[in-house]
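Written out below as C-alpha cells is the structure these notes cover.
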Number of protein chains: 2
Amino acid sequence: MYTINEVAVICDLSVHTLRYYDKEGLLPFISRNKSGNREFTEQSLGLIKIICCLKNTGMPIKHIKQYVDLCMVGETKVDDRKKMLVEHRREVAKQMDEMRKNLNIIDLKIALYEKGDQHEFAHHLEPARSE
Amino acid sequence: MYTINEVAVICDLSVHTLRYYDKEGLLPFISRNKSGNREFTEQSLGLIKIICCLKNTGMPIKHIKQYVDLCMVGETKVDDRKKMLVEHRREVAKQMDEMRKNLNIIDLKIALYEKGDQHEFAHHLEPARSE
DNA sequence: ATATCAATTAGAGTTAGATCGAAGTCAAGT
DNA sequence: ACTTGACTTCGATCTAACTCTAATTGATAT
C-alpha cells in the first residue's frame, strides 16, 4: 500500500496532479482507508504507469478516462481496450514521423549555418525595388 | 507576394493564428501594403516554415520570438541562432526518445492483450482479504 | 454608388492541464 | 490536551496557445 505522496514520487507526478486525476475519474480503482485517505496498491501503480504513458504521448485526459473505464468493467471489454491502444499507437507513430521530419529541417538549417550560409533577412535588405 | 489567407492555406495555419503570431512579435519581417494589409514575401514564407517547425516540435512562442529577433539583426548573431537550434535539436531528440520508450510500453500492453492476458481489475476482484 | 467581400484592430473568451490556497479533519507523538 | 504534519475538499487561478467577436475600413464587382 502506498500513500499519495509515495505515488507522487514514484510516478513523478505532483500530489495535486494525482488528486486532479482522481477528480477527473482517472483513478476509480483506488480505495480509501478509515480516515478517508487514498490508498494505492501495487496494481494501481501499474495502471497509473500506463496512464502516464498515454498522457505523455498526448492522449487527452478524457480518452484516458474512457480507457480506464473499460479496464474497470472487466474482461468483456478487452477488445475495446486493445482497439484504443492500437489506435493511439498509430497516432503516436504519426507524431514521431512528424517529429522526424521537423528534426530533419532543423538539421538542414543548422548545416546551413555551419556553412556560413544564413538565408535570413537584414544582411541583404536592399529594398529590391520596393514596389 | 501573398495575402494572409494564402499564407494560412500554404502553412496550414488559421488567419487568426497568423495575426496572433504577428501580435506576439513572431513576424516582424512582414510589411503592409497601402491599405494596411499584411504582405508576405517568398522569403517570409521560408521563415514562417521554420517557425512552424519549431512550434511543432514544442518550442514555446517566446523562444521562437527570440530566434526570430536574432534573425532580424543580421549576420552578427548567426552563432546565437545556431546555438538555439542546436539546443532545441537536443531537446527534440530527447522528446523522441521518451516517445519511443512510451511506444514500447504501449506495444507491450497490446501484446499482452493479444495473448489474452489482461492484467487489469474487475475480473479478479476477489477482495484479497481487504485489510 | 452601393453591395459585398476581405482585411484590419483591440480585447474578451476558450481549452487543456494543471497548480494553488483556504479551511478543515485526523492520528500520532510528547 | 496540544502541536505537528499529512491528508481532505472545493473552488479560484494560472499558462499557453489559440479562437472568436465587434466594430470598422478598404477594395472589387455590378
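Relative to the side chain of B/R32, the nucleotides C/dT19, D/dT19, C/dT8 differ in distance, and C/dT8 lies closest. Of all nucleotides listed (C/dA16, D/dA17, C/dT19), D/dA17 comes nearest to the side chain of B/Y20. Nearest nucleotide to the B/I4 side chain, out of C/dT19, D/dC18, C/dT8: C/dT8. Looking at the side chain of B/R38, the nearest of the listed nucleotides C/dT19, D/dT21, C/dT8 is C/dT8. Which of D/dT8, C/dT19, C/dC26 sits closest to the side chain of A/S35 comes down to C/dC26. Proximity note for A/H16 (side chain, C-beta onward) versus D/dA17, C/dA16, C/dC20: the nearest is C/dC20.
Both A/L47 and A/Y20 are part of a single hydrophobic cluster, where members link through side-chain heavy atoms under 4.5 Å apart.
The side chain of B/Y21 places an N or O atom within less than 4.0 Å of a non-bridging phosphate oxygen (OP1 or OP2) of D/dC18. An OP1 or OP2 oxygen of C/dG21 is reached within less than 4.0 angstrom by no side-chain nitrogen or oxygen of A/R19. For A/T17 and C/dG17, the shortest distance from a side-chain N or O to OP1 or OP2 is not below 4.0 Å.
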As a quick check of understanding, evaluate side-chain contact (heavy atoms from CB on, under 4.5 Å) for B/L18 and B/D22, giving each step before the final call.
CA-CA 6 Å; B/L18 277 166; B/D22 192 17; over 6 Å; no

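Atom CD of A/E39 is separated from atom P of D/dT8 by 11 Å (rounded to the nearest Å). Atom CD in A/E24 sits about 13 Å away from atom C1' in C/dT19, given to the nearest Å. Following rounding to the nearest Å, B/I64 (CD1) and D/dA16 (P) show an atom-to-atom distance of 13 Å.
Within a 6.0 Å radius of CG in A/D97, more than 12 heavy atoms belonging to other residues, nucleotides or ligands are found.
At the heavy-atom level, B/K23 lies under 4.0 Å from base atoms of the strands shown. Among the atoms of the strands shown, only primed sugar atoms or phosphate atoms (P, OP1, OP2) are found under 4.0 Å from some heavy atom of B/T3.
No side-chain donor from either of A/Y2 and A/E39 sits under 3.5 Å from a side-chain acceptor of the other.
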